[in-house]
Engineer: 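Below: one structure in structure tokens.
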2 protein chains.
Amino acid sequence: MGISKTEFFTEDQNRLAALAKAIAHPARVAILQFLAKSGACFCGDIVEVLPLSQSTVSQHLKALKEVGLIKGSIEKTSTCYCVDPETLEEARLMLGKFFNKMNCC
Amino acid sequence: MGISKTEFFTEDQNRLAALAKAIAHPARVAILQFLAKSGACFCGDIVEVLPLSQSTVSQHLKALKEVGLIKGSIEKTSTCYCVDPETLEEARLMLGKFFNKMNCC
DNA sequence: ATACTTTATCGCAATATTACGATAATGTTT
DNA sequence: AAACATTATCGTAATATTGCGATAAAGTAT
């Protein structure tokens, strides 16, 4: 995206933007929904459900993991992913606060 | 972003992603906050406050307007922007529903 | 009409995202 | 050890985003 001037903005603004960016793609929305519905699952389970290749799904999982919305635990031969309730709550609070402050106009 | 497979996903998933993408950049977060705080303002007012050029701010405003989060009315020689409460409510509801369904794990 | 003010758009360059196949990495099973 | 299964990473191509300067567009004021 070009030279994003993140250093000028506040920590909150950057964090909110990062959390929003994590769900700013329908595939990641779908992955989160599937993860929540199934409780926890493997990369392969998601590949079966979505029209994306294994490497693409893995990259989306990485993006979600980096922002903290999901976490993965190594289990047997594969990695088991599940939603991270703490970051989820953080996102819910930040977005809630953000939208509450929009109450004017 | 490459060939995004939006046609596969549901309308809701795409809409949620689009709304999230609108606030997925700190500059747009800052613009929305400034707009809400000031009630309504001109492009020039935002340019004074942010470390971005006039054309860049105008582009961010366009992105916010396209997703419906803000609306602009022509006033005198300039355009007056303000938050659109309806789309804001839509975003709040969609995100709220999304996060509520994440309550498991 | 001309100059001025303000916003929108164009064109460009730099960087990021998305997606995939191929391959590496890691552990399991035979 | 060899074959297998699963996920992560690399390399690459196509496209999108971000940002800016320059310019167009449109209205106001002199």
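Letters A, B, ... are given to chains in the order of the sequence lines, protein chains preceding strands, and every chain is numbered from 1.
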Engineer: Using whole Å, what does the distance between atom P of nucleotide D/dG19 and atom CZ of B/R28 come to?
Structural biologist: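 Distance check: B/R28 CZ to D/dG19 P gives 8 Å.
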Engineer: A/T79 side chain: which of C/dA8, C/dG21, D/dA8 is closest?
Structural biologist: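 From the listed options, D/dA8 comes nearest.
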Engineer: Assign each of A/G44 and A/T6 to its nearest nucleotide of DNA chain D by heavy atoms, then name whichever residue's nucleotide is nearer the 5' end.
Structural biologist: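 With A/G44 and A/T6 compared, the 5'-side residue is A/G44.
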Engineer: Distance check needed: D/dG19 C1' versus A/F9 CZ, whole Å only.
Structural biologist: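 Interatomic distance, CZ of A/F9 to C1' of D/dG19: 11 Å.
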Engineer: Once you round it to whole Å, what is the distance between P of D/dT9 and CG of A/L61?
Structural biologist: 11 Å
Engineer: For A/F8 and D/dC20, give me the distance from atom CZ to atom C1', rounded to whole Å.
Structural biologist: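 Taking CZ of A/F8 and C1' of D/dC20, I get 17 Å after rounding.
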Engineer: Looking at A/H60, does any N or O in its side chain come under 4.0 Å of the phosphate oxygens OP1/OP2 on C/dA19?
Structural biologist: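 For C/dA19, OP1/OP2 do have a side-chain N/O of A/H60 under 4.0 Å.
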Engineer: Whole Å only: how far is the CG atom of A/L64 from the P atom of C/dT17?
Structural biologist: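 Rounded to whole Å, this separation is 13 Å.
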Engineer: On the nucleotide C/dT6, are OP1 or OP2 found under 4.0 Å from the side-chain N or O atoms that B/Y81 carries?
Structural biologist: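 For B/Y81, the contact criterion (side-chain N or O under 4.0 Å from OP1 or OP2 of C/dT6) is not met.
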Engineer: Can you tell which of D/dG19, C/dA22, C/dT6 lies closest to the side chain of B/H25?
Structural biologist: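 Looking only at side-chain atoms, B/H25 lies closest to D/dG19.
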Engineer: Using the side chain to side chain contact (heavy atoms under 4.5 Å, CB included) criterion, which residues pair with A/Q59? Sequence neighbours excluded.
Structural biologist: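 By the side chain to side chain contact (heavy atoms under 4.5 Å, CB included) rule, A/Q59 matches no residue at all.
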Engineer: Has B/S58 got a side-chain N or O lying under 4.0 Å from the OP1 or OP2 atom of C/dA8?
Structural biologist: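 Answer is yes, contact under 4.0 Å.
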Engineer: Please determine whether side-chain contact (heavy atoms from CB on, under 4.5 Å) holds for the pair B/I70 and B/C82, giving the CA-CA distance in whole Å, both sets of side-chain angles, and the decisive distance to 0.1 Å.
Structural biologist: CA-CA 6 Å; B/I70 68 173; B/C82 70; over 6 Å; no
Engineer: Within the 4.0 Å heavy-atom criterion, would you say A/I74 contacts the bases, only the backbone, or no part of the nucleic acid?
Structural biologist: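 No contact.
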Engineer: Would the number of heavy atoms belonging to other residues, nucleotides or ligands and lying under 6.0 Å from CD of A/E7 be above 12?
Structural biologist: yes
Engineer: Ignoring hydrogens and angles, answer whether the base of C/dG21 and the side-chain atoms of A/S55 contain a donor-acceptor pair closer than 3.5 Å.
Structural biologist: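 When only heavy-atom distances are counted, A/S55 does reach the base of C/dG21 through a donor-acceptor pair under 3.5 Å.
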Engineer: CG of A/L50 versus P of C/dC20: gap in Å, rounded?
Structural biologist: 11 Å
Engineer: Provide, to the nearest angstrom, the distance between the CD atom belonging to B/E66 and the P atom belonging to C/dA8.
Structural biologist: 12 Å
Engineer: Using only side-chain N and O atoms of A/K21, determine if any of them is under 4.0 Å from OP1 or OP2 of C/dT17.
Structural biologist: yes
Engineer: Given atom CD of A/E7 and atom C1' of D/dT18, what is their separation to the nearest angstrom?
Structural biologist: 13 Å
Engineer: Between the base of C/dA8 and the side chain of B/Q59, is one N or O donor paired with an acceptor at under 3.5 angstrom?
Structural biologist: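 For B/Q59, whose side chain was compared with the base of C/dA8, there is no donor-acceptor pair (under 3.5 Å).
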Engineer: Would A/L95 and A/L93 show up in the same hydrophobic cluster when neighbours are defined by side-chain heavy atoms closer than 4.5 Å?
Structural biologist: no
Engineer: What residues, two or more places apart in sequence or in another chain, satisfy side chain to side chain contact (heavy atoms under 4.5 Å, CB included) together with B/T56?
Structural biologist: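 Testing B/T56 for side chain to side chain contact (heavy atoms under 4.5 Å, CB included), a comparison that skips the adjacent residues, returns B/L52, B/S53, B/H60.
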Engineer: When you get a sec, tell me which of D/dA8, C/dT6, D/dG19 is the closest nucleotide to the side chain of B/S78?
Structural biologist: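 Shortest atom-to-atom distance from the side chain points to C/dT6.
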Engineer: How would you label the contact of A/T56 with the nucleic acid (heavy atoms, under 4.0 Å): base, sugar-phosphate, or nothing?
Structural biologist: base
